[in-house]
Amino acid sequence: MKTFTDRVKDTVRKIPKGKIMTYKEVAKRAGNASASRAVGSIMKKNYELDIPCHRVIRSDGKIGEYNRGGTKQKTILLKKEGALK
DNA sequence: TAGTTGACCGGAA
DNA sequence: ATTCCGGCCAACT
């Protein structure tokens, strides 16, 4: 039985290049639509290189936080991948 | 077991 | 548009 956390990691790992998902969408896909906050909490403590956490942004359209360079770096990465204009 | 924390969300002021 | 507040959930202490 996979836990919510495992599914979240799996979901984020499956996000294709140039694509973006909101924390809420990820939470929903993982099985708990209201766990958007928990998703961020999980990413923060489980940042594997297989998981492109920079492809996950907030529902407001804001970039959100990032542990490898902050919001700035996150934005740059998304731009490079073409996910963000 | 209970309390605190935070890469969030949505509504209200 | 910006700031504030309550709710929500998993991890940490």
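In what follows, every chain begins at residue 1, and chains take the letters A, B, ... in the order their sequences are listed.
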| request: Say whether A/Tyr66 and A/Ile57 are linked into one hydrophobic cluster, either directly or through other cluster members, by side-chain heavy-atom distances under 4.5 angstrom. | output: no
| note | In whole angstroms, the gap separating C1' of B/dA7 from CD1 of A/Ile51 amounts to 13 Å
| message | Counting distance alone, no hydrogens or angles: does the base of C/dC8 have a donor or acceptor under 3.5 Å from a partner atom on the side chain of A/Arg37? | response | yes
| salt_bridge(A/Glu81, A/Arg55) N-O dist < 4.0 Å | yes
| OP1 or OP2 of B/dG10 sitting under 4.0 Å from any side-chain N/O of A/Lys24? | yes
| message | Please classify the nucleic acid contact of A/Ala38 as base, sugar-phosphate, or nothing, using heavy-atom distances under 4.0 Å. | response | base
| message | Tell me the interatomic distance from A/Asn32, atom CG, to B/dC9, atom P, rounded to whole angstroms. | response | 14 Å
| request: Rounded off to whole Å, could you give me the CD-to-C1' distance for the A/Glu65 and B/dT5 pair? | output: 14 Å
| A/Tyr23 (side chain) and B/dA7 (base): donor-acceptor pair under 3.5 Å | yes
| task | Starting at atom CE of A/Met43, determine the distance to atom P of C/dC9, rounded to an integer number of angstrom. | result | 19 Å
| request: In whole angstrom, give the distance that lies between atom NZ of A/Lys44 and atom P of B/dC8. | output: 10 Å
| query | Taking the side chain of A/Arg58 as its heavy atoms from C-beta onward, which of B/dA7, C/dC9, B/dC9 lies nearest to it? | reply | B/dC9
| Taking atom P of B/dC8 as reference, at what distance in whole Å does atom NZ of A/Lys45 sit? | 11 Å
| For A/Tyr47 and B/dA7, what is the distance between atoms OH and C1' respectively, to the nearest whole Å? | 13 Å
| note | Rounded to whole Å, NZ of A/Lys28 lies from C1' of C/dA10 at a distance of 20 Å
| said: So if I apply the side chain to side chain contact (heavy atoms under 4.5 Å, CB included) rule between A/Met43 and each of A/Ile51, A/Asn67, A/Val26, which one comes out positive? | reply: A/Ile51
| Are OP1 or OP2 of B/dC8 and a side-chain N or O of A/Ser59 less than 4.0 angstrom apart? | no
| field | Stepwise salt bridge (charged side-chain N to carboxylate O under 4.0 Å, His left out) check, A/Lys62 with A/Asp60 | value | CA-CA 5 Å; A/Lys62 289 184 184 258; A/Asp60 311 89; over 6 Å; no
| task | I would like to know whether A/Arg7 and A/Asp10 meet salt bridge (charged side-chain N to carboxylate O under 4.0 Å, His left out); could you show each step before the answer? | result | CA-CA 5 Å; A/Arg7 273 180 291 193; A/Asp10 208 49; over 6 Å; no
| field | Short side-chain N/O contact from A/Thr5 to OP1 or OP2 of C/dA11, under 4.0 Å | value | yes
| remark: By nearest-heavy-atom nucleotide on DNA chain C, the more 5' of A/Lys62 and A/Val39 is A/Lys62
